[in-house]
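Let me begin by presenting the structure, written as structure tokens, before commenting on it.
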Amino acid sequence: MTGFATRQVHAGGTEHHAGAAGTTRGTAQRTAPERRPTPRATPVYLTAGFEFEEWEQAGGHFGAGQGYAYTRTGNPTTTAVERRIAALEGGADALFVASGQAAVTVALLGLVAAGQRVLAAASLYEGTRGLLLENLPRLGIEADFVDDATDPAAWERAIRPETRVLFLESIPNARNDLPDLAAVADVAHAHGLALVVDNTLATPYLLRPIEHGADVVVHSASKFLAGHGSVLGGVVVDSGTFDAAASGALYPHLVAPSRTGGASVAVRHGGLARLAYVRETVAPRFGPTPSPLNAFLVGQGIETLSLRVARQSATALEVARWLAFRPEVASVDYCGLDSSPSYALAKRYLPDGQGSVFTFTLHGGAPAARAFVEAVEVVTHMTHIGDVRSLVLHPASTSHVLRTPAEQAASGVHPGTLRLSIGIEDLPDLLADLERGLSSASRAVPEETP
Ligand SMILES: *Cc1c(COP(=O)(O)O)cnc(C)c1O
């Protein structure tokens, strides 16, 4: 297999150039003997659907899922980015959807049904936590949470007969309390269950969860994969290792005959049954279809993924070290610092860089945090991460506002906590800007109870 940087610019492109997997057969015939020019960039098929060139093509699509017909069930531009991401994650196939939230939702709905349960790490992105606490319960799907995600025995104890999915983030947003991925995968597999990993903050450049036993990987492609803060996207990647003999009884929808008595998903797709079910039955019905233009922009963003993430991680480590020594700063939660409880796991799972999204907590509580945010000029105040530009957010008054103060504290969010997403700017400019923020924070009028 070629290296990561080679794959990020070549994977998923050539098959597309070879005629979009056979879908343009008719066009090629019509223009023969003149050869169609081959665009080097991935063409954007900005179309709702595709002509059936021959009568049989229509039936072939609806019967056996062959070729392209309507963009909600597939589009060549989207296929190209799916193949590229699958190649980078070491997965067998991928499904691209409209947002990270859609990726988490369809991945879970492909595995759990009413009466069943999701077991998740307590340290989770707020959107996912809300989905598990408010939306899925209305469909009869409940969630259990593991407080100490680093402890495999805690996962083991929390599994119930109804559990169908174990879910965690490879680098939790934004506390950086890393789970022991391989150990949790072992627990899941001992029960025949699937481990779903949100790999948004790590990206496949820093960590490939499938290599450590994950069955399904999801991403918010809106973050590092797109990289430039211009579009939303999400992706579900599958390892292709679904074992009908070992797990079929737990996932009857994958092994039962189709509604019309045809072959089951597992018979038709083998190890890829999970992803095939999400592609055929979940995503096109719930409908979080991405625009082909957004798929193109994510695919283009990925072409520089390794360069951006290596730089952002290296800069983030320098920034975290710098912050840790500042008198205005009470603590820094970055797994790349040897003071972090996750440092040993970071060395094992993230040897090439520990990401660029982390929190730090100012002395002086919310007034200090506000003064910091209002003083910085290079770092942008907004709710996003993974952009080429550095960003800052105050979780206690924004992303975590729906949590009680006790819940906030348990997830490492205090009144003086700020989340940083480090971009590709020059380190001296960032440090000068943070200096501006810190000196303003130190002049803020302190609260009665910090
Ligand atoms: C942003 C994010 C999501 C949601 O992704 P969207 O593209 O915003 O829908 C899910 N998981 C994590 C870890 C995220 O950071």
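Values below: all heavy atoms of this structure, side chains included; hydrogens, waters and symmetry mates excluded. Atoms within each ligand, like the ligands themselves, are counted from 1 in listed order. The shown structure was predicted, so the numbers you read here are calculated from the model rather than taken from an experiment.
The shortest contact between atom 4 (C) of ligand 1 and any protein heavy atom is with Tyr125 CE2, 3.4 Å. Counting only heavy atoms of the protein, atom 11 (N) of ligand 1 lies nearest to Asp198 OD2, 2.7 Å.
Between Thr128 and ligand 1, not a single N/O pair is under 3.5 Å apart. Ligand 1 has a nitrogen or oxygen under 3.5 angstrom from a nitrogen or oxygen of Gly100. For the pair Lys223 and ligand 1, the shortest N or O to N or O distance falls below 3.5 Å.
The only member of Leu337, Val319, Asp333 that meets side-chain contact (heavy atoms from CB on, under 4.5 Å) when paired with Phe358 is Val319.
For Val104, the closest heavy-atom approach to ligand 1 does not fall below 4.0 Å. In this structure, Ile385 counts as a contact residue of ligand 1, since one of its heavy atoms falls inside 4.0 Å of the ligand. At least one heavy atom of Gly233 lies less than 4.0 angstrom from ligand 1.
No side-chain donor from either of Glu328 and Ser442 sits under 3.5 Å from a side-chain acceptor of the other. Using modelled atom types, one finds a donor on one side chain and an acceptor on the other under 3.5 Å when comparing Tyr68 with Thr79.
No side-chain donor-acceptor contact under 3.5 Å links Arg279 to the backbone of Thr73. At least one donor-acceptor pair closer than 3.5 Å links the side chain of Gln312 to the backbone N or O of Asp387.
Looking only at side-chain heavy atoms (C-beta outward), Asp186 and Pro152 stay at 4.5 Å or farther from each other.
Interface of Gln101 with ligand 1, defined as ligand atoms under 4.0 Å from a residue heavy atom, comprises 4 (C), 5 (O), 6 (P), 9 (O). The Ser222 neighbourhood of ligand 1 comprises atoms 6 (P), 7 (O), with distances under 4.0 Å to a heavy atom of that residue. Interface of Asn173 with ligand 1, defined as ligand atoms under 4.0 Å from a residue heavy atom, comprises 14 (C), 15 (O).
Ring geometry, Tyr349 versus His212: the interplanar angle exceeds 60°, so the pair is classed perpendicular (tilted spans 30 to 60°). Ring geometry for His253 versus Tyr277: interplanar angle over 60°, hence perpendicular rather than tilted (30 to 60°).
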